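Since the structure comes first, as structure tokens, the remarks are kept for the end.
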Amino acid sequence: MKLLYHIGRYVQLMLRVFQKPEKQSIYLRQIVIEMDKLGINSLGIVIIISFFLGAVITMQTAYNFENPLIPLYLIGLTTRDSMLLEFSSTIVGLILAGKVGSNIASEIGAMRVTEQIDALEIMGINSAAYLIFPKIIATLIINPLLTIVSMFVGIFGGYLSVFTITKLTVADYFYGLHYALNTFYITYAIVKTIVFAFIITSVPAYYGYYVEGGSLEVGKNSTAAVVYSSILILLFNMIITQILLT
Amino acid sequence: MIEVKNLHKSFDGRSILNDISVKLEQGRTNLIIGQSGSGKTVFLKSLVGLHEVDSGHILYDGRDFTKMRFKERKLLRKEIGMLFQGGALFDSMTVEENVIFPLNMFTDLSTEEKRERANFFLNRVNIMNANHKFPAEISGGMQKRVAIARAIVLHPQYLFCDEPNSGLDPSTSILIDNLIQEISYELNMTTVVITHDMNSVMEIGDNIIFLYNGQKWWEGTKDEIMHTDNPELNNFVFPSKLMRIIKDQA
Ligand SMILES: Nc1ncnc2c1ncn2[C@@H]1O[C@H](COP(=O)(O)OP(=O)(O)O)[C@@H](O)[C@H]1O
Ligand SMILES: [Mg+2]
């Protein structure tokens with residue numbers, strides 16, 4: 001029952017978010033600001049995480065390939081496909097749900113409890129559209145780029161880790177990277193990223209927008225926002241995989 | 001003028017406002033007074049549709065707000081300025097950007113014209129040399145004044161103020177009160193001010209409405225309030241020895 005109530009209210013909010021804006025130029029400017037705040041600002045963490053993920057996948061795979069019958073180039077292939085299929089989209093998505101999600105929920109929540117949202121409404125502004133629409137559009141544009149960056153950095157991390165693995169050569173790694181590349185994996189990752197970007201912005205925005213009370217509730221709601229957007233990411237990861245890969 | 005007829009408002013079956021009818025006149029400051037929790041804020045937010053009312057009518061110079069659809073309400077709201085209890089300045093924007101914001105949204109003025117207009121109103125509320133500060137960097141009294149400037153920058157017909165001097169020292173409070181009253185006369189607005197500050201009542205109370213138990217318990221002017229024999233109103237307005245001495249002298 002509670003779930004149905006939340007879904008209903010979420011859908012209503014999204015209908016308001018996608019209404020025609022009061023003044024397009026203002027929204028355009030907001031989108032650029034949000035692209036910087038939510039996207040470019042996340043570049044650092046995406047690079048760091050992807051680098052270490054790529055390195056560790058390579059090291060673990062090498063460690064597991066004890067059997068001399070297994071060709072070593074499969075290590076590079078594993079790193080590549082793990083990054084493309086799962087890590088650069090889903091894991092990065094989960095990290096961003098924590099970073100961007102809590103940021104959005106607490107920013108909008110604080111605006112709710114300090115009556116800034118009421119102030120927007122009183123001016124005759126659709127507060128839902130003004131606050132949420134630019135964030136959604138900004139992440140829909142930027143997050144696929146972050147995913148691409150993550151793929152490259154992850155593979156680069158794997159490449160550097162090759163130097164710590166005695167049995168593996170750079171040539172093996174590169175051979176693996178090129179071996180049987182399925183470019184549909186990239187499409188699949190981008191589709192996932194776009195869906196996750198929508199979840200990462202709209203779900204925390206929902207939790208922030210409907211905060212009741214004070215700063216304590218803002219904190220509670222932003223935690224809930226991160227938890228539920230993470231769960232939704234994992235759920236949609238499964239659904240999209242079911243649709244696209246099987 | 002705003003005419004409220006038989007307004008009812010409840011939350012989850014708990015009645016907050018019960019059959020309120022009042023006339024809020026133009027060019028005057030209409031005060032809503034009453035104890036904390038008596039429904040003053042709910043009343044004000046109901047007038048502007050931030051709360052949906054259960055029943056009743058709210059006429060803005062004859063136009064029934066309760067019958068309006070979302071789009072018509074949005075249009076009417078452009079004639080409304082509101083000062084919130086905490087100021088509600090946008091904390092990601094500077095003082096000047098806050099005041100320019102409504103101009104950005106609803107006018108096609110040039111950047112220069114917008115800044116000029118914003119600064120005119122900032123000067124009017126005595127804010128100088130703070131244009132590029134953020135709300136968190138200025139005092140509570142200054143925040144309220146900036147919020148007033150933002151509320152009136154589009155020349156509203158109606159101005160609503162929720163406890164404009166809560167959290168301010170007495171002398172700053174009186175400055176804010178007088179500012180609101182002067183601006184109401186200058187711009188010939190219908191102004192509604194919520195307060196529980198007796199200084200405000202005596203300073204600017206052209207028309208005073210006392211809410212008690214969700215009802216309009218008493219209505220009158222600041223001269224009439226000095227001679228009232230309504231017991232609940234007396235308890236509220238003259239709770240202390242000092243206030244009772246003042247009343248006896250009047
Ligand atoms: N959104 C709401 N939901 C439920 N109850 C509310 C809501 N807003 C206010 N109330 C209740 O209405 C009553 C009047 O509140 P309010 O108008 O804020 O009082 P005040 O006169 O101090 O401004 C209080 O008992 C408050 O708990
Ligand atoms: Mg109040």
Side-chain angles (χ1 to χ4, degrees), chain A residues 5 9 12-13 15-34 36-38 41 103-104 106-135 138 208-215 218, chain B residues 11-12 41-42 44-51 68 70-93 97-109 111 114 135-136 143 146-148 150-154 156 158-163:
Chain A
Y5 168 76
R9 207 166 54 155
Q12 269 184 343
L13 180 68
L15 290 178
R16 285 189 56 202
V17 166
F18 288 98
Q19 267 168 15
K20 192 173 173 291
E22 283 87 17
K23 206 166 180 184
Q24 267 158 0
S25 58
I26 305 268
Y27 280 69
L28 274 178
R29 211 186 57 190
Q30 287 302 111
I31 290 172
V32 174
I33 294 174
E34 298 293 350
D36 181 54
K37 207 166 74 183
L38 302 177
N41 250 334
N103 175 304
I104 290 178
S106 54
E107 179 189 318
I108 295 181
M111 291 188 73
R112 165 62 74 193
V113 302
T114 56
E115 298 181 307
Q116 292 175 54
I117 290 181
D118 285 344
L120 285 169
E121 287 290 324
I122 277 303
M123 290 175 193
I125 293 165
N126 176 350
S127 62
Y130 176 77
L131 294 175
I132 303 173
F133 181 80
K135 293 188 198 300
Y209 196 82
Y210 287 111
V211 170
E212 275 174 37
S215 47
V218 174
Chain B
F11 286 114
D12 312 316
T41 300
V42 172
L44 208 62
K45 290 193 174 174
S46 300
L47 291 189
V48 296
L50 289 174
H51 291 315
M68 288 182 190
F70 184 65
K71 280 205 172 126
E72 297 169 288
R73 287 185 173 196
K74 262 176 63 170
L75 278 177
L76 179 75
R77 281 180 177 167
K78 284 169 197 166
E79 300 172 24
I80 294 177
M82 189 151 179
L83 175 61
F84 289 87
Q85 205 160 342
L89 292 177
F90 302 123
D91 41 30
S92 60
M93 299 180 196
E97 284 164 355
N98 262 282
V99 182
I100 286 179
F101 181 79
L103 300 173
N104 276 339
M105 289 312 268
F106 299 114
T107 71
D108 292 313
L109 299 174
T111 311
K114 282 185 277 199
Q143 288 178 13
V146 175
I148 293 175
R150 186 182 68 181
I152 60 175
V153 74
L154 286 174
Y158 313 96
L159 180 65
F160 300 99
C161 307
D162 192 354
E163 306 211 11

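Letters A, B, ... are given to chains in the order of the sequence lines, protein chains preceding strands, and every chain is numbered from 1. Keep in mind the model is a prediction, meaning the values are calculated, not measured.
We find that A:E22 and B:K78 are not joined by a salt bridge, their nearest charged nitrogen and carboxylate oxygen being 4.0 Å or further apart.
Neither the backbone nor the side chain of B:L83 comes within contact range of chain A; no heavy atom of the residue lies under 4.5 Å from a heavy atom of that chain. In this structure, chain A has a heavy atom under 4.5 Å from the side chain of B:F101, while its backbone stays farther away. Using a 4.5 Å cut-off between heavy atoms, B:Q85 touches chain A through backbone and side chain atoms alike. Using a 4.5 Å cut-off between heavy atoms, B:I80 touches chain A through backbone and side chain atoms alike. Contacts of A:Q19 with chain B are made by side-chain atoms alone, with heavy-atom separations under 4.5 Å and no backbone atom involved. For B:R150, the part lying under 4.5 angstrom from a heavy atom of chain A is the side chain only.
Between B:K45 atom NZ and A:E115 atom CD the span is 4.0 Å, to the nearest 0.5 Å. Taking CG of B:L154 as the start and CE of A:M123 as the end, the distance is 8.5 Å to the nearest 0.5 Å. In this structure, CD on A:E121 lies 7.0 Å from CG on B:L50, to the nearest 0.5 angstrom.
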What's the verdict on side chain to side chain contact (heavy atoms under 4.5 Å, CB included) for B:F90 and A:M111, showing C-alpha distance, side-chain angles and the deciding distance?
CA-CA 8 Å; B:F90 302 123; A:M111 291 188 73; 4.1 Å; yes
Take B:D108 and A:K23 through the side chain to side chain contact (heavy atoms under 4.5 Å, CB included) test and state the conclusion after the steps.
CA-CA 10 Å; B:D108 292 313; A:K23 206 166 180 184; 3.5 Å; yes
Is there a side chain to side chain contact (heavy atoms under 4.5 Å, CB included) between A:I122 and B:F160 once you walk through the steps?
CA-CA 10 Å; A:I122 277 303; B:F160 300 99; over 6 Å; no
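Counting heavy-atom pairs closer than 4.5 Å to chain A, the top-ranked of the candidates B:V48, B:L75, B:N104 is B:N104.
At a threshold of 4.5 Å between non-hydrogen side-chain atoms, the residues B:F106 and A:I125 count as touching.
When the shell of 6.0 Å around CZ of B:F11 is examined, it contains more than 12 heavy atoms from other residues, nucleotides or ligands.
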